[in-house]
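Just the heavy atoms: all of them, side chains too, but no hydrogens, waters or symmetry mates, feed the values below. In what follows, chains carry the letters A, B, and so on, assigned in the order in which the sequence lines appear, proteins first and then strands, with residues in each chain numbered from 1. Predicted model, so just to flag it, every value in this text is computed and none were measured.
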Protein chains: 2
Amino acid sequence: MNGPTIYDVARESGFSIKTVSRVINGESGVRPETIDRVERAIKALDYHPNPAAQRLGGGKLPTIGIVVDSIDDPFFGEVIAVVERRAVEMGMDVLVASTGMDAVRARTQVERLVRRGVSALIVAPFGDDAAARADLPDDVPVVVIDRKCGIEDKDVVRVTDHEGAVEAVRHLVAHGHERIAFLGETAEFTTVQDRLSGYTDALVEAGLAVEPELVETRCWSADVAYPLALAMLAPPDAPTAVFASTPLVGLGVLRALKRLDRQDVALVVFGDFPLAELMTPPTTVVDQRPTPLAHAAFDHLARRLDDAHAPVVETVLPTRLIQRGSGELPPRETS
Amino acid sequence: MNGPTIYDVARESGFSIKTVSRVINGESGVRPETIDRVERAIKALDYHPNPAAQRLGGGKLPTIGIVVDSIDDPFFGEVIAVVERRAVEMGMDVLVASTGMDAVRARTQVERLVRRGVSALIVAPFGDDAAARADLPDDVPVVVIDRKCGIEDKDVVRVTDHEGAVEAVRHLVAHGHERIAFLGETAEFTTVQDRLSGYTDALVEAGLAVEPELVETRCWSADVAYPLALAMLAPPDAPTAVFASTPLVGLGVLRALKRLDRQDVALVVFGDFPLAELMTPPTTVVDQRPTPLAHAAFDHLARRLDDAHAPVVETVLPTRLIQRGSGELPPRETS
DNA sequence: CTGAAAGCGCTTACAG
DNA sequence: CTGAAAGCGCTTACAG
């Protein structure tokens with residue numbers, strides 16, 4: 001039931017286990033010929049190091065931990081998919097953990113993964129800035145994704161939240177809208193705060209008033225967003241356009257529009273989502289492109305695994321406006 | 001940097017490490033008072049057993065491995081989300097692995113997880129029956145999900161593929177359709193074979209002809225399904241209804257319908273998907289309900305973790321037809 | 001009901 | 001450039 005151990009490889013190759021260990025870990029200062037013989041023995045025996053023993057001996061597990069809001073969120077699903085693929089390529093595997101948007105659980109999940117001995121962590125922090133910062137370990141490489149949360153001592157990969165929101169709202173303005181609603185999640189997140197300030201800035205830039213009754217920041221989930229969107233869009237003096245700060249919020253808005261049987265409300269959603277192109281009209285989005293984001297995060301991870309003291313970097317990826325129809329609707333005639 | 005060990009707990013509680021070990025593992029034959037004192041010490045020190053040491057000592061890792069086609073598939077995403085939540089409840093964590101629909105990779109992924117020492121595995125097998133069977137280990141509990149692949153010696157949780165397909169096609173027949181297309185993935189899978197036979201059986205039952213040119217089984221992905229659906233639906237004598245064997249295929253069909261600007265083709269998709277209700281018309285589906293399936297799989301896992309020799313069971317969950325509009329369209333007038 | 005010993009398969013110092 | 005020793009933190013037999 002158990003495979004060959006380092007002792008078997010040592011015997012087979014004629015060297016000591018220490019030398020085999022050196023070869024496995026790619027340490028320098030081993031004669032090429034020795035490396036060759038050891039590798040031959042490893043192949044011959046189909047030897048694979050025991051990760052638990054590696055860890056206990058003093059190393060880390062060949063494992064990457066990833067902590068996200070929820071695994072079945074399409075955005076994070078794509079991120080995890082990319083990370084898993086890249087990890088497998090380097091012979092590592094991936095431990096997933098979700099926070100369920102619960103700050104306490106976010107903390108315990110990170111703690112558990114660190115205790116497990118993961119080599120590195122990719123984390124979408126959750127909670128207020130202070131909590132998010134406190135949750136992250138200092139003895140394990142961490143790459144923060146999606147939200148900065150005021151974290152300065154870790155590598156961060158995020159998108160241009162502010163600029164993306166500005167672009168979205170400018171786009172609506174350019175199509176003639178003057179009364180544009182903002183629907184978003186709680187303002188606890190830097191991300192959403194940035195998107196909200198982008199919204200505000202774009203309005204001011206266009207010389208339009210920021211109407212507080214058109215700003216709704218309590219959309220925690222699609223289910224919560226739905227009635228709030230309904231309330232916002234049902235009245236005769238409803239806004240002619242909506243900017244939704246996340247795909248989940250956008251989903252709530254789309255449900256409300258369907259319910260109201262309205263296809264004349266302009267909509268731009270921050271974050272692309274599957275089937276957006278199949279809506280009627282197809283949904284215009286600001287794409288945050290999870291795949292490049294995940295690749296960038298993994299690149300940083302690999303770099304830091306190589307050199308724990310590499311300088312901290314923050315990568316801010318550009319978003320991209322994808323015009324599909326809903327964002328190009330003209331303002332409807334107000335009754 | 002390192003937390004307390006079992007020795008610290010032994011010292012703190014006044015017992016030996018063996019007794020502490022007994023308490024940790026819930027072994028019987030320990031005095032209640034002893035248990036109490038040890039647990040108190042564990043709490044006081046905030047002790048957590050080192051998983052790598054547990055594993056190396058002879059146990060398994062408190063870890064569940066899950067192998068699926070792809071992590072960003074909404075169906076599997078939901079399954080993984082449920083499994084992760086349940087696992088965390090029992091203090092275990094989750095290693096994810098994707099096959100990318102590649103039989104070779106399916107094998108190596110399972111092998112890797114077993115080598116890592118996971119306590120149990122949840123696997124959506126990939127490949128032909130013989131390969132799928134050969135891939136699964138016998139020394140680790142395995143629960144097979146979604147596809148049976150002729151596996152008889154493992155717990156299996158799947159849905160009523162045949163009956164679900166029959167119900168879908170009957171539904172279309174009941175709404176007056178006589179020319180119903182089948183679009184699906186390769187016939188390599190039992191799952192799709194069952195859905196195809198359900199389609200055929202329902203047609204025969206209704207006294208309708210099975211027209212080979214209406215059966216397309218080469219839809220590997222949404223991208224492949226799209227042109228095939230286009231080719232099937234563009235001609236003037238196109239079928240009036242479509243049964244899509246998976247959500248991915250359904251997506252291809254929806255794109256084709258959008259492209260053809262047709263809202264009068266009846267459609268039932270096997271497998272629910274997000275935003276189905278927001279299509280025009282809303283998409284009628286046969287829901288395979290990933291959440292109950294995942295819970296059932298986890299229940300089996302927990303049972304087998306308790307008793308490795310529990311009898312093998314196969315759970316077949318019922319599907320559910322959700323009428324949303326697209327499946328209730330009447331046949332269009334043929335030109 | 002409890003404990004002392006040996007061992008799991010690696011790694012880290014430390015030698016030479 | 002290579003190796004012998006000790007130790008990581010648990011568990012499994014085996015005693016008593």
Would you say that [X] contacts [Y] through its side chain, given a criterion of any heavy-atom pair below 4.5 Å between the two side chains?
| X | Y | result |
| --- | --- | --- |
| B:Phe75 | B:Asp146 | yes |
| A:Met101 | A:Glu185 | yes |
| A:Met90 | A:Phe298 | yes |
| A:Ile6 | A:Ile24 | yes |

message: Test of understanding: with side-chain contact (heavy atoms from CB on, under 4.5 Å), list the residues that count as partners of A:Leu305, not counting sequence neighbours.
response: A:Met92, A:Ser119, A:Ala120, A:Pro141

- request: Tell me, please, which residues at least two apart from A:Asp153 pass side-chain contact (heavy atoms from CB on, under 4.5 Å).
  value: A:Asp138, A:Ile151

field: Residue met sooner reading DNA chain C from 5', once A:Arg55 and B:Phe15 are mapped to nucleotides
entry: B:Phe15

- prompt: Closest heavy-atom contact between A:Ala87 and A:Ile64?
  reply: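 Looking at all heavy atoms of both residues, the closest pair is CB-CD1, 4.2 Å.
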
- request: Applying side-chain hydrogen bond (donor to acceptor under 3.5 Å, both in side chains), name anything that partners B:Arg107, two or more places apart in sequence or on another chain.
  value: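 In terms of side-chain hydrogen bond (donor to acceptor under 3.5 Å, both in side chains), with neighbours along the sequence ignored, B:Arg107 is linked to B:Glu111, B:Asp135.
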
Any residue of residues 25-34 of chain B with a heavy atom less than 4.0 Å from an atom of DNA chain C: B:Gly29, B:Val30, B:Arg31, B:Thr34

Using the 3.5 Å cut-off, write out each protein N or O paired with an N or O of nucleotides 6-9 of chain D and the distance between them.
from, atom 1, to, atom 2, distance (Å)
D:dC8, O2, A:Leu56, O, 2.9
D:dC8, O2, A:Gly57, N, 3.4

field: side-chain N/O A:Thr19 vs D:dG3 OP1/OP2, d < 4.0 Å
entry: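 For A:Thr19, the contact criterion (side-chain N or O under 4.0 Å from OP1 or OP2 of D:dG3) is met.
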
- prompt: Would you say B:Ser21 reaches D:dT11's phosphate, i.e. side-chain N/O to OP1/OP2 under 4.0 Å?
  reply: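 For D:dT11, OP1 or OP2 has a side-chain N or O of B:Ser21 closer than 4.0 Å.
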
- prompt: Using Watson-Crick pairs (N1 to N3, plus N6-O4 or O6-N4) and G-U wobble pairs, both distances under 3.5 Å, which stems of at least 3 pairs involve DNA chain D?
  reply: C:1-3 with D:14-16, C:5-12 with D:5-12, C:14-16 with D:1-3

Which residues satisfy the salt bridge (Lys or Arg N to Asp or Glu O under 4.0 Å) test with [X], sequence neighbours excluded?
| X | value |
| --- | --- |
| A:Arg31 | none |
| A:Arg37 | none |
| A:Glu89 | none |
| A:Arg115 | none |

query: Given atom CD1 of B:Ile24 and atom C1' of D:dT12, what is their separation to the nearest angstrom?
result: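 After rounding, the reported distance stands at 15 Å.
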
task: Sort and list the pairs that fulfil salt bridge (Lys or Arg N to Asp or Glu O under 4.0 Å) and have at least one residue in residues 91-106 of chain A, not counting sequence neighbours.
output: A:Asp93-B:Arg112, A:Asp93-B:Arg116, A:Arg105-B:Glu84

Can you pull every protein N or O that's under 3.5 Å from an N or O on nucleotides 13-16 of chain D?
none

